[in-house]
Each structure stands twice: as structure tokens, then as C-alpha cells.
Amino acid sequence: MSQSTQDPFNKYISVIRDLTSVASEISRVEEIKATAASDRQHHLLDGCIQEEQALLLKLRGLEQHRMQQQKALGWDTFTLKQILKAASPEQRITLSPLFEALEQQLNRLAQARDASERILGVRLHEMEILAMRQQGSSYNSEGNASPAGGKARIRDTYV
């Protein structure tokens, strides 16, 4: 492999490793958010959100760099699977475990994000119910908020 081909390839490898690392860090933050919300430790959420925002900015920058390196290698519109097919056998040996690790971290991130969103959704719903109760509102039989003093649905059917 020539030096001119090797340099973009090494840069590409470095970017893939960095993407994997950042995806792992974001997953870790999502898992902390889910645990904090589940344990009602809401004071921890602000720090998690700030850290997550910084990591997402870093992820965007790495993604742009990845696209630049893929273009330099002639893989600008390729998926990871297409890159493995187009890569030389030597490149494939290097890229295959890196892509696998990246895919694992992206799957972990998706699972952590789903869990975090579900738990946060439950906590937000609990807070809405509490706020409605404090305002004298309640929920009707369909699960919708009804203001204080409004007729309940069941009364409408019997009156």
C-alpha cells in the first residue's frame, strides 16, 4: 500500500476508533441518566445533559471528519458493509473488528437512549400528575387532564 493511500486510511481508522469511544461515552451518560431518573436523583440530570451535549458536538465533528476521510479513500457514499466489500484484504482485516466494535457501541447507545427516554417519560408523567393534583385538577377515565370544577365524564352519562 502506498504512503498516499496509507495516510488517509490511518486517519480513517483513528476516526472510527474515536467514534466508537464517543459512542461509548454517550452510552455511559445515558445509562447514568436512566439510573438517576429511576432512583429519583434528579439533581444529577443537569450534569448528565451538559456532558451529553458536549459529547454530541464532538460526535458531529468526528462524523464530518469520517465523511472527509471516506471521500479521500473513494468510499464517500458507502455504508460500513459496502466499505468492507470495497476494501483490500489487508484493509478488511483492520476494519472488520473496528466496524464491529463501533456497531456494538451504537447498539448499546440505542438501547441506553431508549431506556433513558422511557424512564424520563415516566418521571415527567408523574410530575405532571403531581402538578395537576396541586392545582386541583384530575385525570378523567381516558387519562386526560381535566381542570378542577369541570364535569367528570361519568357524570355526563348519568345526568
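If you read the sequence from its start, that first residue is 1, and numbering goes on from there.
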Worksheet entry | Common cluster, Leu56/Val29, ILVMFWY with side-chain heavy-atom separation under 4.5 Å | yes
Practice prompt. For Ala112 and Glu30, work out which heavy atoms get closest and say how close.
Written response: CB-CB, 3.7 Å
Worksheet item: How many angstroms lie between atom CD of Glu51 and atom CD1 of Ile32, to the nearest 0.5 angstrom?
Response: 6.5 Å
Worksheet entry | Contacts of Gln50 that satisfy side chain to side chain donor-acceptor pair (under 3.5 Å) - sequence neighbours left out | Asp46
Practice prompt. Not counting sequence neighbours, which residues clear side chain to side chain contact (heavy atoms under 4.5 Å, CB included) with Gln64? List them please.
Written response: none
Fill in: Interatomic distance, Gln91 atom CD to Tyr12 atom OH [nearest 0.5 angstrom]
10.5 Å
Discussion item. Tell me which pairs pass salt bridge (Lys or Arg N to Asp or Glu O under 4.0 Å) where either residue lies in residues 66-88, with sequence neighbours left out.
Written reply: Glu63-Arg66
Worksheet item: Just how far is it from atom CD1 of Ile83 to atom CZ of Arg92, taken to the nearest 0.5 Å?
Response: 12.0 Å
Discussion item. What's the separation between atom CD in Gln104 and atom OG in Ser24, rounded to the nearest 0.5 Å?
Written reply: 11.0 Å
Discussion item. Can you list everything that forms a side chain to side chain contact (heavy atoms under 4.5 Å, CB included) with Leu102? Sequence neighbours excluded, please.
Written reply: Ile16, Leu19, Thr20, Leu80, Leu106
Worksheet, complete the sentence: Rounded to the nearest 0.5 angstrom, the CD-CD distance for Glu25 and Gln105 is 9.5 Å
Practice prompt. Indicate yes or no for a side-chain donor-acceptor contact from Gln82 to the backbone of Thr79 under 3.5 Å, with no hydrogens or angles considered.
Written response: yes
Item to complete: Mind listing the closest non-hydrogen atom pair of Ala34 and Ser116 along with its distance?
Response: CB-CA, 3.8 Å
Worksheet, complete the sentence: Taken in chain and number order and not counting sequence neighbours, the residues that satisfy side chain to side chain donor-acceptor pair (under 3.5 Å) with Arg123 are Glu126
Practice prompt. Answer with yes or no whether the hydrophobic clustering places Ile119 together with Leu109; edges join I, L, V, M, F, W, Y residues whose side-chain heavy atoms lie under 4.5 Å apart.
Written response: no
Practice prompt. Only counting residues at least two apart or in another chain, list the ones meeting side chain to side chain donor-acceptor pair (under 3.5 Å) with Glu52.
Written response: Lys33, Arg113
Practice prompt. Report the residues that fulfil side chain to side chain contact (heavy atoms under 4.5 Å, CB included) with Thr94, sequence neighbours left out, ordered by chain and then residue number.
Written response: Phe9, Ile13, Leu98
Item to complete: Check whether any side-chain heavy atom of Arg40 lies under 4.5 Å from a side-chain heavy atom of His42, and answer yes or no.
Response: yes
Discussion item. Between Leu84 and Phe78, is there a side-chain heavy-atom distance shorter than 4.5 Å?
Written reply: no
Worksheet item: Which pair of heavy atoms, one from Pro8 and one from Ala72, lies closest together, and at what distance?
Response: CB-CB, 4.2 Å
Item to complete: Please name all residues satisfying side chain to side chain contact (heavy atoms under 4.5 Å, CB included) with Asp114, sequence neighbours left out, ordered by chain then number.
Response: Arg118
Worksheet entry | Gln111: side chain to side chain donor-acceptor pair (under 3.5 Å) partners, not counting sequence neighbours | none
Worksheet entry | Pairs touching residues 100-112 that satisfy salt bridge (Lys or Arg N to Asp or Glu O under 4.0 Å), sequence neighbours left out | Glu31-Arg108
Worksheet item: Cluster question for you: counting only ILVMFWY and a side-chain heavy-atom cut-off of under 4.5 Å, with indirect links fine, are Leu62 and Leu95 together?
Response: yes
Worksheet, complete the sentence: Besides Leu45, the hydrophobic cluster formed by Ile, Leu, Val, Met, Phe, Trp and Tyr side chains linked at under 4.5 Å, directly or via other members, contains Leu120
Practice prompt. Could you tell me whether a side-chain N or O of Ser27 sits under 3.5 Å from a main-chain N or O of Ala23, the two making a donor and an acceptor?
Written response: yes
Worksheet entry | For Leu124, the rest of its hydrophobic cluster, which grows through side-chain links under 4.5 angstrom | none
